[in-house]
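Residue numbers count from 1 along this sequence.
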Amino acid sequence: MYKEYMTIKEVVGPLMLVEGVEGVSYDELVEVTQENGEIRRGKVLEVRDDKAVVQLFENTQGLKIATSKARFLGRSLSLAVSKDMLGRVFDGMGNPRDNGAPIIPEKRLDVNGEPINPAARDYPNEFIQTGVSAIDGLNTLVRGQKLPVFSMSGLPHAQLAAQIARQAKVRGSDGKFAVVFAAIGITYEEAEYFIEDFKKTGAIERTVLFTNLANDPAIERIATPRMALTCAEYLAFDCGMHVLVIMTDITNYAEALREVSAARKEVPGRRGYPGYLYTDLATLYERAGRIRGKQGSITQIPILTMPEDDKTHPIPDLTGYITEGQIILSRDLYKKGVNPPIDVLPSLSRLKDKGIGDGKTREDHADTMNQLFAAYARGKECKELSAILGDSALTATDKLYAEFAERFERTYVSQGYDANRTIEETLDIGWKLLSILPRSELKRIKERYIEKYLK
């Protein structure tokens with residue numbers, strides 16, 4: 001039996017105080033019914049003695065507390081899941097947004113998920129081909145990994161996200177591949193861009209979209225990634241699919257956390273964000289992975305814009321601690337017309353060594369990757385030296401390295417948002433670039449690979 005109370009005492013921002021409650025638990029769902037029959041939903045944030053603090057999902061504007069009833073439902077927020085979710089668009093609370101019929105659920109799952117037993121986790125070691133050379137060739141994504149993209153305001157991370165969602169696949173696997181896309185706090189135009197792009201390319205058939213718009217309540221923003229991950233866990237571990245979860249923009253999620261934390265009058269941490277930001281982000285990121293004995297897996301690409309382009313800001317800083325590397329986008333490369341503007345030197349995939357090599361990509365992958373990194377780093381140094389001292393300060397070899405760096409950015413990193421390169425094409429482009437350098441400079445590649453692949 002649901003418990004109803006007409007003891008709503010106060011509303012502050014998205015928070016509501018209900019007094020005289022009994023048997024109410026943390027995270028329990030609440031329905032607030034107004035005199036005119038309108039219902040607003042929320043969840044319990046805090047219980048102390050006979051008082052409950054309720055966080056409303058909808059706007060509190062126009063809520064008349066004197067005549068409203070709060071009804072506690074005895075369960076936490078859940079998502080109705082089914083295979084029919086593929087090809088559909090939902091809002092941040094899991095309600096259809098595409099004018100389609102409601103989902104007939106095969107089961108209902110708690111959006112907070114259940115922690116994966118560390119002993120049951122399987123190590124990520126299978127290559128995922130994104131079709132983007134700067135990722136596949138140099139910062140390889142592995143099935144079950146969490147690899148964030150650190151972007152900056154105004155950079156085309158939305159196009160990169162859509163490209164990866166369209167093109168990503170597990171090579172040499174019979175398992176079905178699905179994409180769960182969570183758009184958090186984005187504009188209507190951005191949401192339309194993703195939906196139209198997926199429809200136009202047919203990628204929508206294997207994609208589930210959760211879209212939380214910028215004008216939706218902040219509370220819904222906090223629920224959106226959890227809805228997406230709950231759907232992903234069902235597709236991966238119940239349906240045996242390889243699921244790629246793309247979440248953009250995590251910065252909007254963290255801002256919503258800060259807004260609610262401020263409304264609760266909590267003591268702020270770094271830059272005003274709550275002290276539990278690390279723990280909260282970990283509850284999202286750690287839902288990626290593989291489980292022994294189960295065919296499916298969850299791979300995550302969270303995307304965040306770094307406030308003030310600052311890598312030491314709490315959001316990218318804490319994300320870097322929890323995840324296995326990062327892909328960093330560069331404003332300088334973007335200004336040069338390099339798209340996608342991935343800065344490969346500070347980017348890192350900590351699991352790349354596990355997903356490359358003979359039988360996974362190609363035997364020469366590790367050696368060419370190391371040589372390309374080294375040559376590009378030296379080429380950038382030579383270009384900087386040339387800018388300060390002039391070309392006359394460079395040796396003949398230095399000039400070749402400078403030319404290599406320029407062509408590397410133009411042909412390897414820059415490929416546009418429609419090119420879908422196989423790993424073989426990416427590796428061959430790398431060899432073609434390495435042919436600019438004298439053979440004696442290829443010190444990181446085994447001689448037999450040079451004989452076989454250097455044209």
What's the shortest heavy-atom distance between [X] and [Y], and which atoms?
X: Leu160; Y: Pro340; answer: CD1-CB, 4.0 Å
X: Gln167; Y: Ala419; answer: OE1-O, 3.2 Å
X: Asp343; Y: Ser330; answer: CB-CB, 3.8 Å

Using a 3.5 Å distance criterion without hydrogens, assess whether the side chain of [X] forms a donor-acceptor pair with backbone atoms of [Y].
X: Ser347; Y: Ile328; answer: yes
X: Gln300; Y: Leu284; answer: yes
X: Asp136; Y: Ile423; answer: no
X: Asp27; Y: Ser76; answer: no

Q) Without hydrogens or angle criteria, can the side chains of Thr312 and Asp310 be said to hold a donor-acceptor pair below 3.5 Å? A)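 Result is yes, a qualifying pair exists.
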Q. Do Phe198 and Phe181 make the cut of ring centroids closer than 6.0 angstrom?
A.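 Aromatic pair counts; centres sit under 6.0 Å.
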Q) Is the distance between the ring centroids of His313 and Tyr273 under 6.0 Å? A)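 They qualify: ring centres under 6.0 Å apart.
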Are the charged groups of [X] and [Y] less than 4.0 angstrom apart, N to O?
X: Arg258; Y: Glu255; result: yes
X: Lys380; Y: Glu384; result: no
X: Arg121; Y: Glu286; result: yes
X: Asp309; Y: Arg331; result: yes
X: Glu424; Y: Arg362; result: no
X: Arg166; Y: Asp197; result: yes
X: Glu406; Y: Lys383; result: yes

Q: Determine the interplanar angle of the Phe408 and Phe404 rings, folded into 0 to 90°, and report it as parallel if under 30°, tilted if 30 to 60°, perpendicular if over 60°.
A: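 Because their plane-to-plane angle is under 30°, the rings of Phe408 and Phe404 count as parallel.
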